Amino acid sequence: MNGIDWSNLSFGYMKTDYNVRSHYKDGKWSTPTETTSESIDIHIAATCLHYGQEAFEGLKAFRGKDGKIRIFRMRDNALRMISSCHGIMMAELPVEVFEETVLKAVKLNEKFVPPYGSGASLYIRPLLIGTSAQVGVKPAAEYMFLVFVTPVGPYFKEGFKPTPVAILRGYDRAAPLGTGTIKVGGNYAASLVAGHKAHEMGYSAVLYLDAREKKYLDECGPANFFGIKDNTYITPLSSSILPSITNKSLMQLAEDMGMKVERRQIPEEELATFEEAGQVGTAAVISPILRVDDLDENKSYVISKDGNAGPISTKLYNKLRAIQQGDEPDTHGWVTVLD
């Protein structure tokens, strides 16, 4: 498409032609329909505005060398949104409605899917909000589900290059048994202050410790954490972190490569033993970690000795990207190829 510099896109919002919406009323979801409007008209007393009844997802579509468009792990995102619905008592969004709405939004905006080899992708944002008017803390009776898309470049401007992250003990992202395991906006609002503070000091993200004991690694602000040592992929087990679909994919690929995979508590001190580490999520895939600075304890854990991404992280990153773009076989059935 003329006028877009695909290779220099930032990770941000760009207007596309259509978004697609479905409404829940009287116990049923409407057929998804498209609109060109970038606005939503909601009541001033809508539950999403007052009581946080809001959940979202993030997934991507890629154009392959063959020109076909591939959406990565759409079903998993639909199932995770159902988990979010249960977590904050929203009407359950059927998988079929989620998938129909996503497919329609991508097809209608096909010209915005970046070309193969540009390093860019089409970011897909499903959003579910409580819309009925209410004063009093209880679930809404009506909901809106919408999907918009936007072409994006790398989430971190450094791309696939190690960056430093900080531990800030004075902040928690989510509490154990709270909403940390579901994808709701409140978790991200809770991370803004610490994230801003870290960015001002030159760090790409905050690596949160567990809220209860401040002993174990939880997750980075926008992403899950993993560490590599002794041919083992290690990622935190916690009751307050989001189950990342990218992380789940990388764990499978690590097993496919003959590595061991461990999901367990990771004491902060174990950072000193990792050969590689990274932040993982839909937006960045993998953002390798240069070092971790515990600013309150005045400790620093250097992960990348030479300033480059490690060999295993690089192999995992390239493998996942190749599957997403259709360059390697999709042996796990992760990709939906558009007709």
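Start at 1 with the first residue, then count along the sequence. These numbers were taken from a predicted model, which means no experiment stands behind them.
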Who pairs with Arg80 by salt bridge (charged side-chain N to carboxylate O under 4.0 Å, His left out), at least two apart in sequence or on another chain? Glu57

Judged by modelled atom types alone, do Glu142 and His23 share a side-chain donor-acceptor pair under 3.5 Å? no

Under 3.5 Å side-chain donor-acceptor pair for Glu38 and Tyr13: yes

For residues 190-200, which side-chain donor-acceptor pairs fall under 3.5 Å, sequence neighbours excluded?
unit_1 : atom_1 : unit_2 : atom_2 : d
Ser191 : OG     : Tyr188 : O      : 2.8
His196 : NE2    : Glu200 : OE2    : 3.3
His199 : ND1    : Gly195 : O      : 3.2
His199 : NE2    : Ser204 : O      : 3.0

Take Glu219 and Val280 through the side chain to side chain contact (heavy atoms under 4.5 Å, CB included) test and state the conclusion after the steps. CA-CA 10 Å; Glu219 67 176 337; Val280 300; over 6 Å; no

Between [X] and [Y] (side chain of the first, backbone of the second, donor and acceptor by atom type, cut-off under 3.5 Å), is there such a pair?
X	Y	result
Asp306	Asn308	yes
Thr16	Thr150	no
Asn19	Ser37	yes
Thr246	Ser244	no
Glu34	Tyr18	no
Arg63	Glu110	yes
Glu276	Ser313	yes
Gln53	Ala140	yes
Asn187	Thr179	yes

Residues forming a side chain to side chain donor-acceptor pair (under 3.5 Å) with Thr33, sequence neighbours excluded: none

Is there a side chain to side chain contact (heavy atoms under 4.5 Å, CB included) between Gln324 and Ser249 once you walk through the steps? CA-CA 11 Å; Gln324 289 175 330; Ser249 306; over 6 Å; no

Does [X] pair with [Y] as a salt bridge, N-O distance under 4.0 Å?
X	Y	answer
Asp330	Arg70	no
Asp294	Arg169	yes
Lys299	Glu268	no
Arg264	Glu270	yes
Arg212	Asp218	no

Name the orientation class of the two ring planes belonging to Phe160 and Tyr317 (parallel below 30°, tilted from 30 to 60°, perpendicular beyond 60°). parallel

Look at the rings of Phe72 and Trp334 and say which category their plane angle falls in: under 30° parallel, 30 to 60° tilted, over 60° perpendicular. perpendicular

Measuring only between side-chain heavy atoms, which start at C-beta, is [X] closer than 4.5 Å to [Y]?
X	Y	value
Leu59	Arg73	no
Leu316	Tyr233	yes
Ile289	Phe225	yes

For [X], is the [atom1] atom crowded, meaning more than 12 foreign heavy atoms sit under 6.0 Å from it?
X	atom1	value
Asp5	CG	yes
Lys107	NZ	yes
Lys65	NZ	no
Lys15	NZ	yes

Please round to the nearest 0.5 Å and tell me the distance separating atom [atom1] of [X] and atom [atom2] of [Y].
X	Y	atom1	atom2	value
Leu209	Leu217	CG	CG	6.5 Å
Ile286	Leu250	CD1	CG	4.5 Å
Tyr301	Glu269	OH	CD	5.0 Å
Ile167	Leu271	CD1	CG	6.0 Å
Glu275	Lys305	CD	NZ	9.0 Å
Ile42	Ser132	CD1	OG	11.0 Å

Find out if a path of hydrophobic residues (ILVMFWY) with successive side-chain heavy-atom gaps under 4.5 Å connects [X] to [Y].
X	Y	answer
Met90	Phe56	no
Val335	Leu253	yes
Val147	Ile40	no
Leu320	Met257	yes
Ile323	Val106	no

